[in-house]
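First comes the structure, then the notes that go with it.
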There are 2 protein chains.
Amino acid sequence: MNIAEAIELLKEHGYKTTGKRKDILTFFEEADGYRTAKDLIQYLEESYDGISFDTVYRNLHLYNEVGILETTELNGEKHFRMNCTHHHHHHFICKDCGKTKEIEVCPMNEVKKTLHNYAIEDHKFEIYGLCPKCQLA
Amino acid sequence: MNIAEAIELLKEHGYKTTGKRKDILTFFEEADGYRTAKDLIQYLEESYDGISFDTVYRNLHLYNEVGILETTELNGEKHFRMNCTHHHHHHFICKDCGKTKEIEVCPMNEVKKTLHNYAIEDHKFEIYGLCPKCQLA
DNA sequence: TATCATATCGTAATGGTTACGATTTGTAAA
DNA sequence: TTTACAAATCGTAACCATTACGATATGATA
């Protein structure tokens with residue numbers, strides 16, 4: 001998902017294009033990994049003095065709903081990243097910088113065989129640790 | 001992990017055995033699935049009027065540290081269950097009742113092959129949905 | 001049974017998130 | 001281009017799970 005696609009998606013859903021919304025997209029495009037609401041607020045405050053929590057959280061939820069962002073919970077805090085739409089995969093997540101590496105392995109087909117009569121709605125497979133760069137730092 | 005093992009484990013680590021600590025163990029043994037701090041407080045208040053948050057959370061953390069409980073985060077709230085010590089496995093978790101079913105599949109060996117130079121510290125593989133009982137209810 | 005480290009209490013503080021009335025601003029129609 | 005209005009944002013308070021702390025009570029050991 002890139003910025004142009006995201007703006008198009010918002011328009012399709014009838015949402016307005018505002019400066020802040022564009023800046024939020026820019027932030028996540030540059031981030032290339034998971035970021036928190038706090039990270040985003042810090043970024044936006046450079047351009048907008050006194051940005052409202054309401055604006056930040058409302059847009060994060062909106063973006064998540066329409067599929068621009070995906071989210072995961074780490075240490076009691078929600079983290080967001082640009083959605084990878086192309087195909088199903090999972091992530092290695094660096095605990096230090098938040099950057100992710102795609103993992104192609106998904107064991108769900110195998111798992112489904114062992115879960116007769118269970119209604120599977122969702123699954124989460126994440127690997128945590130330090131990326132090569134952050135090990136050196 | 002059963003209650004006797006857990007109490008033994010606490011003693012080994014030099015922690016005292018109190019009525020509340022035993023009751024917390026009873027709660028989780030009967031629970032047979034993931035429960036929140038709130039659930040536990042509700043249970044303890046039946047026997048102890050005005051139980052302190054401090055007591056509840058301190059003991060939950062303690063139990064997690066010594067390996068009596070394992071924990072996961074669902075919907076922004078920490079959930080705890082008795083630790084399954086016997087072997088490495090993952091869980092299907094029912095969104096309704098919190099009960100779990102063990103999943104023997106673990107794709108980490110395969111994943112490790114694709115993560116050269118990454119320092120893997122941890123991983124999470126969980127399946128969410130409704131168990132057979134909760135689908136009927 | 002005396003001692004003392006540990007456990008608990010009562011409650012306030014913290015941190016992330018949500019909510020809301022008032023105000024501003026894109027957008028599309030006139 | 002102006003108007004009209006729904007949507008977006010602001011400023012701030014409330015919410016909820018969790019953490020923290022000084023004072024008090026209580027298991028465990030000697």
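Lettering of chains follows the sequences in order, A, B, ..., and the numbering in each one begins at 1. Bear in mind that the values here come from a model prediction, so they are computed numbers and not experimental data. When reading the values below, keep in mind they use all heavy atoms of this one structure, side chains included, and skip hydrogens, waters and symmetry mates.
Phosphate proximity of D/dT9 to A/Arg58: present, with a side-chain N or O under 4.0 Å from OP1 or OP2. The side chain of A/Lys78 places no N or O atom within less than 4.0 Å of a non-bridging phosphate oxygen (OP1 or OP2) of C/dT17. A/Asn75 has no side-chain polar atom (N or O) that falls below the 4.0 Å cut-off from OP1 or OP2 of C/dG16. Using a 4.0 Å cut-off, some side-chain N or O of A/Thr17 falls inside it from OP1 or OP2 of C/dT27. Side-chain N/O atoms of B/Tyr57 include none lying less than 4.0 angstrom from OP1 or OP2 on D/dT19. For B/His61, no side-chain nitrogen or oxygen approaches OP1 or OP2 of D/dT18 to under 4.0 Å.
In this structure, CD1 of B/Ile51 is placed 15 Å from C1' of C/dT11, rounded to the nearest angstrom. We find that CG of A/Asp39 is positioned 13 Å from C1' of C/dG16, with the value rounded to whole Å. Between A/His13 atom NE2 and D/dA8 atom C1' the separation is 18 Å, expressed in whole Å. Whole-Å rounding puts the B/Ile41 CD1 to C/dC9 P distance at 11 Å. Taking atom CG on A/Leu40 and atom P on C/dT17, their separation rounds to 11 Å, with Å as the unit. Rounded to an integer number of Å, the gap from A/Leu74 CG to C/dG15 P is 19 Å. Taking atom CG of residue B/Leu10 and atom C1' of nucleotide C/dT6, one finds them 13 Å apart after rounding to whole Å. Rounded to an integer number of Å, the gap from B/Leu62 CG to D/dA20 P is 15 Å.
Using modelled atom types and a 3.5 Å distance limit, the side chains of B/Asp39 and B/Thr36 yield a donor-acceptor pair. With hydrogens and angles left out, the side-chain atoms of A/Glu104 and B/Thr114 include no donor and acceptor closer than 3.5 Å.
The base of D/dA8 is not paired with the side chain of A/Lys20 by any donor and acceptor separated by under 3.5 Å. Residue B/Ser52 places a side-chain atom within donor-acceptor reach of the base of C/dG10, judged by atom type and a 3.5 Å distance cut-off alone. At a cut-off of 3.5 angstrom, counting only N and O atoms as typed in the model, there is a donor on one side and an acceptor on the other between the side-chain of A/Lys16 and the base of D/dA6.
Taking 4.5 Å as the limit, every side-chain heavy atom of B/Tyr15 sits out of range of all side-chain heavy atoms of B/Leu9. Counting heavy atoms from C-beta outward, A/Val111 and B/Phe125 have side chains that approach closer than 4.5 Å. The shortest side-chain heavy-atom distance between A/Leu74 and A/Tyr128 falls under the 4.5 Å cut-off.
Mapping B/Thr36 and B/Thr18 onto DNA chain D via the closest heavy atom, the residue that lands nearer the 5' end is B/Thr36. Each of B/Glu73 and A/Thr55 has a nearest nucleotide on DNA chain D; the 5'-most of these lies closest to A/Thr55. Take the nearest nucleotide of DNA chain C for B/Arg21 and for B/Phe53: the residue whose nucleotide is more 5' is B/Arg21.
As judged by a 4.0 angstrom heavy-atom cut-off over every strand, B/Gly14 is placed among residues making no nucleic acid contact. Within 4.0 Å (heavy atoms only), B/Tyr15 reaches sugar-phosphate atoms of the nucleic acid but no base atom.
Tested against B/Thr100 for a side chain to side chain contact (heavy atoms under 4.5 Å, CB included), the candidates B/Ile127, B/Thr72, B/Ile93 yield a single pass: B/Ile93.
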